[in-house]
Amino acid sequence: MTKRAFITGITGQDGSYLAELLLGKGYEVHGLVRRASTLNRGRIDHLHPNSELHLHYGDLTDGVGLVNLIREIEPHEVYNLGAQSHVKVSFEMPEYTASTDAVGTLRLLEAIRAADIDCRYYQASTSEMFGATPPPQNEASPFYPRSPYGAAKLYSHWVTVNYREAYDLFAVSGILFNHESPRRGESFVTRKITLGVAAIKLGVADELHLGNLEAVRDWGYAPEYVEGMWRMLQHDVPQDYVLATGKGFSVRQFCEAAFAQAGLDWEDFVVYDKQFERPTEVDALIGDPSKAREVLGWEAQTDAMALARLMVEADLEQMARLIGT
Ligand code: NAP
Ligand code: F7E
């Protein structure tokens, strides 16, 4: 039997890697795409044409649309990756962030319940829910979100747990620490840095403006994390897992490694810019992924320093092609 999966956020970093993974496993993949005035499918263009990939217009803020889609597709697995995922932007658009990242989850869970189908559900939870709780953080650590994004995701986390307990839905929540790749959105700090390094190295920029360099994150490699999501839905028992590398590095250290990869000294180019600070910061996130290792056999293979190298190389290559050097 061909398995059908439905992915919200298929045009995003994780959605694109997950679609690749599932198509490779023989799934029929359905993805939710938002209507925009220009096409925003750059991350999944390479998957076309593929008769097993089906895209549907919709939005997590449109409950009726979700009800109709779930009824029509009857997916065996739903991966809810769609979100306004930028922490700083969530301070500027708190209500929209809540509607998409919190109530959007509820709308999707209700659509699954209304369709009365046998379906497994994955919720994209985040280490941002730990916020001010000091590291290392694991599944038992207390939550203390520090942004409208973190608070919205915490609602989604708990409502997923509740639908599992109340309605016996096979629902799991993956508490994922930061994960990056050459497909990472350009305004997240790792990609901003590696793009900045490439631009400086190729002579199209001469400085890079950043905010807080002291924040510590546990950065892993996105393709490895989508494999973890899939494994969570294949297990016999629905439960929640942390995915992380277990290693923390500061933004400063990531900068150092990224500039060094291009033979540059970061201190010559990085300029502190207050506009990139947040009203409340999350100082340090370092995950303890023991449960995922023991139960799912999942382990991160790529740490932040390796990521800095591979992302700089990818951006150098891409930018050199763009500017024709
Ligand atoms: P991303 O690259 O920002 O992608 C977000 C996706 O959500 C895009 O496809 C976007 O569509 C879609 N989206 C945004 N608003 C929507 C709405 N109202 N309705 C439907 N879709 C909407 O994010 P990512 O890095 O792949 O992350 C995937 C998920 O994991 C997100 O939920 C994120 O919050 C969560 N997460 C990410 C990390 C991380 O480090 N990457 C860690 C923990 C959790 P457009 O392309 O049209 O904008
Ligand atoms: O910031 C600092 C910033 O925006 C990381 C999302 O995927 O991971 C991501 O959220 C750190 C913060 O990611 C700049 O203050 C300094 O301390 O790359 P980021 P994030 O906020 O950790 C979590 C797990 C998610 O769930 C989210 O969806 O870097 N920082 N200077 C900067 N950050 C940005 N963006 N830009 C700067 O110029």
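Counting starts at 1 for both ligands and their atoms, following the listed order.
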Sub-4.0 Å heavy-atom contact, Glu214 with ligand 2: no

Under a heavy-atom criterion of less than 4.0 Å, does His86 contact ligand 2? yes

Using distance alone, determine whether Asn80 and ligand 1 share an N or O pair under 3.5 Å. no

Which residue and non-hydrogen atom of the protein lie closest to [atom], and at what distance in Å?
atom	result
atom 7 (O) of ligand 2	Arg184 NH2, 2.9 Å
atom 33 (C) of ligand 1	Tyr149 OH, 3.5 Å
atom 6 (C) of ligand 1	Gly9 CA, 3.6 Å
atom 26 (O) of ligand 1	Asp14 N, 2.8 Å
atom 42 (C) of ligand 1	His179 CE1, 3.3 Å
atom 31 (N) of ligand 2	Gly211 N, 2.8 Å
atom 10 (O) of ligand 2	Val87 CG2, 3.6 Å
atom 17 (O) of ligand 2	Glu281 OE2, 2.9 Å
atom 43 (C) of ligand 1	Leu176 O, 3.1 Å
atom 23 (O) of ligand 1	Ser85 OG, 3.6 Å
atom 2 (O) of ligand 1	Gln13 N, 3.0 Å

Please say whether [X] places an N or O atom under 3.5 Å from an N or O atom belonging to ligand 2.
X	result
Trp219	no
Ser187	yes
Arg217	yes
Val189	yes

Is the closest heavy-atom distance from [X] to ligand 1 below 4.0 Å?
X	answer
Tyr225	no
Asn40	yes
Arg183	no
Trp219	no

Show me which atoms of ligand 2 lie under 4.0 Å from any heavy atom of [X].
X	result
Ser127	24 (C)
Ser85	6 (C), 27 (C), 28 (O)
Ala215	17 (O)
Lys192	37 (C), 38 (O)
Phe188	4 (O), 6 (C), 7 (O), 18 (O), 35 (N)
Asn212	2 (C), 16 (C), 30 (N), 31 (N)

Take a 6.0 Å sphere around CG of Asp45 and say whether it holds more than 12 heavy atoms from other residues, nucleotides or ligands. yes

Count the heavy atoms belonging to other residues, nucleotides or ligands that lie under 6.0 Å from CD of Glu92, then report whether that count exceeds 12. yes

Angle between ring planes, [X] versus [Y], binned at 30° and 60°: parallel, tilted or perpendicular?
X	Y	result
Phe6	His56	perpendicular
Tyr241	His235	perpendicular
Phe143	His157	perpendicular

Nearest option to [atom], as decided by whichever heavy atom of [options] sits closest:
atom	options	answer
atom 1 (O) of ligand 2	Glu128, Arg278, Arg252, Glu180	Arg278
atom 30 (O) of ligand 1	Ser16, Ala83, Ala124	Ala124
atom 26 (O) of ligand 2	Thr126, Asp273, Asn178, Asp14	Thr126
atom 41 (N) of ligand 1	Glu128, Met229, Arg217, Arg184	Arg184
atom 45 (P) of ligand 1	Thr11, Leu32, Ile10	Thr11

For the pair [X] (side chain) and [Y] (backbone), establish whether a donor and an acceptor sit closer than 3.5 Å, ignoring hydrogens and angles.
X	Y	answer
Glu77	Pro75	no
Asp218	Gly287	yes
Arg4	Tyr27	no
Arg120	Leu233	yes
Ser90	Val87	yes
Thr160	Ser156	yes
Gln261	Ala308	no
Lys153	Thr126	no

Classify the side-chain pair His209/Glu207 by whether it contains a donor and acceptor separated by less than 3.5 Å. yes

With no hydrogens and no angle check, do the side chains of Glu277 and Tyr272 hold a donor and an acceptor under 3.5 Å apart? yes

One residue to check: [X]. Relative to ligand 1, which of side chain, backbone, both or neither has a non-hydrogen atom less than 4.0 Å away?
X	result
Leu60	both
Tyr17	neither
Arg34	side chain

Is it the case that the ring center of Tyr225 lies less than 6.0 angstrom away from the ring center of Trp298? yes

Short N-O contact, [X] and [Y], less than 4.0 angstrom:
X	Y	value
Arg231	Glu227	yes
Glu256	Arg252	no
Glu52	Lys3	no
Arg107	Glu110	no
Arg183	Glu20	yes

Should you measure from each heavy atom of [X], which atoms of ligand 1 turn up under 4.0 Å away?
X	value
Ser125	43 (C), 44 (C)
Asn178	40 (O)
Gly12	2 (O), 4 (O), 8 (C), 9 (O), 26 (O)
Thr100	15 (N), 16 (C), 17 (C), 18 (N)
Thr126	43 (C), 44 (C)

